[in-house]
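Worksheet: the structure to be examined is printed underneath.
The chains referred to below are lettered A, B, ... by the order of the sequence lines, with proteins before strands, and numbering in each begins at 1.
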Amino acid sequence: MAQKPSIPQGTRDFSPLEVQRRNYIMSTIKKYFEQYGFMPIETPSFENSDTLLGKYGEEGDRLIFKVLNNGAYLSKVKPEDLAEQDEKSLTPQISDRALRYDLTVPFARYVVQHQNEITFPFKRYQMQNVWRADRPQKGRFREFTQCDADVVGSTSLYQEIELIKLYDTVFTALNLTGCTIKINNRKILAGIAEMIGAEDKLIDFTVALDKLDKIGIEKVKEEMLSKGINAVALEKLHPVFTLEGDYAQKLATMQDLLKESAIGMKGVEELTFIHENMQQLPLTGTNLDLDITLARGLNYYTGCIFEVAAPAGVSMGSVGGGGRYDDLTGIFGLKDVSGVGISFGLDRIYLVMEELGLFPDSVRAGVDVLFLNFGMQESRVALGELFRFRESGIKAELYPDEAKMKKQMTYADRNDIPFVILIGEDEIKTGKLTLKDMKTGKQETLDAETIIARF
RNA sequence: GUGGUUGUAGCUCAGCUGGUUAGAGCGCUUGAUUGUGGUUCAGGAGGUCGCCGGUUCGAAACCGGUCUUCCACCCCA
């Protein structure tokens, strides 16, 4: 045998059942995206490198898959760059394109490029693969699918409220209950930084604060100290570290703490507005929780930020995330178009649903009925019946070969086909069909119409 | 990018301090069963031990490299 074939690190093949289950999740998401008024677009798998680079921070740039130029790509390279093996200057000389890293930045590019065709506010959804040159681990792949819904051209906080409800609607429909939608606001984080005189260290500050859950107060303080945030400032942060209570109580504490900060108070105001309006829109399958430590992508988010945590007891990173970005299109030359959006992580949702056994039995790969093949005469009759069933909308197939019954039954069994129809000598004589329920093993001999009516 | 971990039959894994011809269970296949699957019984097929190199009389085992798996960090969906 030749050398065993393989697939690249962090990629996967999907079996028929897996694809059906992924389609089940995607069709549910799509249904509600459309119900909420979002319209589909698609963008290329790869973009010009300029479009992507510099939008995700230094870490993000490192994880972008670069596409090697075609042709004599080395001919234009400066010999000294080649000799020094300096990737920073070499990469742009041999690669002009890159695989997309997320769907939001390509969307911003799309909006700018098609601004004259678009009527704002523009609501779009997109369900496509993205690629990241990350080290794979649990729930982390190098090729995965994101399902995004974004609206640009509206600063209304109703958008945030709708997106929270959209998360709740979809997760409830998937029967994936118990997820927590964590919400925070970048303006609050900016306000806290301002209050402790660490505006210039906003990123270091939020990155450290984000770890509070994971490593505890003392370690977070250590990290902040090491980043140059002074002890007096840390003292002021005490209420943040020990924040407790429900959404309203936490918000009250923050309001008191941030009363000197204009931007901080703006953040509090926004979260208060959302909270008040959520009162008449109770969530059915998820919980909304104000999490001041939530930081997220610091690159383009400016207002509310979201992240969806899997139900307690399931160890999985976030299954969704999003937020408001006030000036992402500005990078591409279109000012003053605020956007806000959320993303569903299809692959992680799949893993969580699999772990919790939430896929309905009806989501199967195979047909509903298999006609057994008893030989030339019999299978000819079966072939006619087969198409009668199909025309009635029943997924059906005929076993193609005149194989042993055992083999044909095993085929039905292995493929989770719930019913088998036998057409032999006796059936042809009486004009009836024998229907076997594979689960119970029971058989009945009935008219074709009667059987069709059962499906 | 950093640290650890894994790789032996289609799958899950044994394989001793290096020593003849590489093992199990499940699965696959054939038959017991010429109109009946999931149970049982009997037979059979299937592996250059991830790949490349090194040490050795001798390597699945030891060493180096590389690819891959899983995990933690980083970051994120």
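Between A/R364 and A/D368, at least one side-chain N (NZ, or NE/NH1/NH2) sits under 4.0 Å from a carboxylate O, which counts as a salt bridge. Note on A/R21 versus A/E18: no salt bridge recorded, every NZ/NE/NH1/NH2 to OD/OE distance being 4.0 Å or above.
Counting non-hydrogen atoms under 4.0 angstrom, A/G320 reaches the backbone sugars and phosphates but no base. At the heavy-atom level, A/E307 lies nowhere under 4.0 Å from the strands shown. Within the nucleic acid shown, A/G139 comes within 4.0 Å of at least one base atom, counting heavy atoms only. Within 4.0 Å (heavy atoms only), A/G441 reaches at least one base atom of the nucleic acid. Among the atoms of the strands shown, none is found under 4.0 Å from any heavy atom of A/F344. Residue A/G322 is out of contact with every strand shown, counting any heavy-atom pair closer than 4.0 Å. Counting non-hydrogen atoms under 4.0 angstrom, A/Q408 reaches nothing in the nucleic acid.
Atom pair A/D102:CG and B/C75:C1' shows a separation of 14 Å (rounding to whole Å applied). Following rounding to the nearest Å, A/K406 (NZ) and B/G37 (P) show an atom-to-atom distance of 6 Å. Across the protein-nucleic acid pair, A/D413 atom CG and B/G27 atom C1' stand 14 Å apart, rounded to whole Å. Rounded to an integer number of Å, the gap from CG of A/D61 to P of B/G1 is 15 Å. Atom-to-atom, CZ of A/R62 to C1' of B/C75 comes out at 8 Å; the value is rounded to the nearest Å. Note: NZ (A/K407) to P (B/U34) measures 16 Å, nearest angstrom. Look at CG on A/L63: it is 9 Å from P on B/C76, rounded to the nearest Å. Put simply, CG on A/D204 is 10 Å from P on B/C75, counting in whole angstrom units.
Interatomic distance, A/S392 OG to A/I452 CD1, rounded to the nearest 0.5 Å: 4.0 Å.
Of the listed residues (A/R100, A/R109, A/R97), just one forms a side chain to side chain donor-acceptor pair (under 3.5 Å) with A/E47, and that residue is A/R109.
Between B/U8 and B/A14, the two C1' atoms lie 10 Å apart (nearest whole Å). The gap from the P atom of B/U33 to that of B/U17 amounts to 50 Å, rounded to the nearest Å. When the P atom is compared between B/U30 and B/U69, the two are found 35 Å apart, to the nearest whole Å. Here the separation of B/C62 from B/C49, taken at their C1' atoms, is 15 Å to the nearest Å. A gap of 48 Å separates the C1' atoms of B/U40 and B/A72, to the nearest Å.
With distances taken from any side-chain atom of A/K404 to the nucleotides B/C71, B/U30, B/C74, the minimum falls on B/U30. Checked against B/C76, B/C70, B/G35, the side chain of A/L422 finds its nearest nucleotide in B/G35. The nucleotide whose nearest atom lies closest to any side-chain atom of A/Q137 is, among B/C71, B/G35, B/C75, B/C71. Among B/G35, B/U30, B/G37, the nucleotide with an atom closest to any side-chain atom of A/D426 is B/G35.
At distances below 3.5 Å, at least one donor-acceptor pair connects side-chain atoms of A/T169 with backbone N or O atoms of A/K165. The backbone N or O of A/G424 sits less than 3.5 Å from a side-chain atom of A/E427, completing a donor-acceptor pair.
Checked by distance alone, A/Q9 brings no side-chain donor or acceptor within 3.5 Å of a matching partner on the base of B/U69. If you check distances only, the side chain of A/E427 does reach the base of B/G35 with a donor-acceptor pair under 3.5 Å. For A/R132 and B/C76, a side-chain-to-base donor-acceptor distance below 3.5 Å is absent, hydrogens and geometry of angles not being considered. Residue side chain A/R135 does not reach the base of B/C75 through any donor-acceptor N/O pair under 3.5 Å, judged by distance alone.
Here A/K138 does not reach the OP1 or OP2 of B/A72: none of its side-chain N or O atoms lies under 4.0 Å away.
Nucleotide B/C62: paired with B/G54 (Watson-Crick or G-U wobble, both distances less than 3.5 Å). Nucleotide B/C41 is matched to B/G31 when pairs are restricted to Watson-Crick or G-U wobble geometry with both distances under 3.5 angstrom. The base-pairing partner of B/C26, taking Watson-Crick or G-U wobble contacts with both distances under 3.5 Å, is B/G10.
If you find the closest nucleotide of RNA chain B to A/K436 and to A/P136, the one lying nearer the 5' end belongs to A/K436. Each of A/I423 and A/K439 lies near RNA chain B, and the nucleotide nearest A/I423 is the one positioned closer to the 5' end.
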Run the numbers on A/S95 and A/N69 for side-chain hydrogen bond (donor to acceptor under 3.5 Å, both in side chains), then give the verdict. CA-CA 5 Å; A/S95 165; A/N69 289 346; 5.0 Å; no
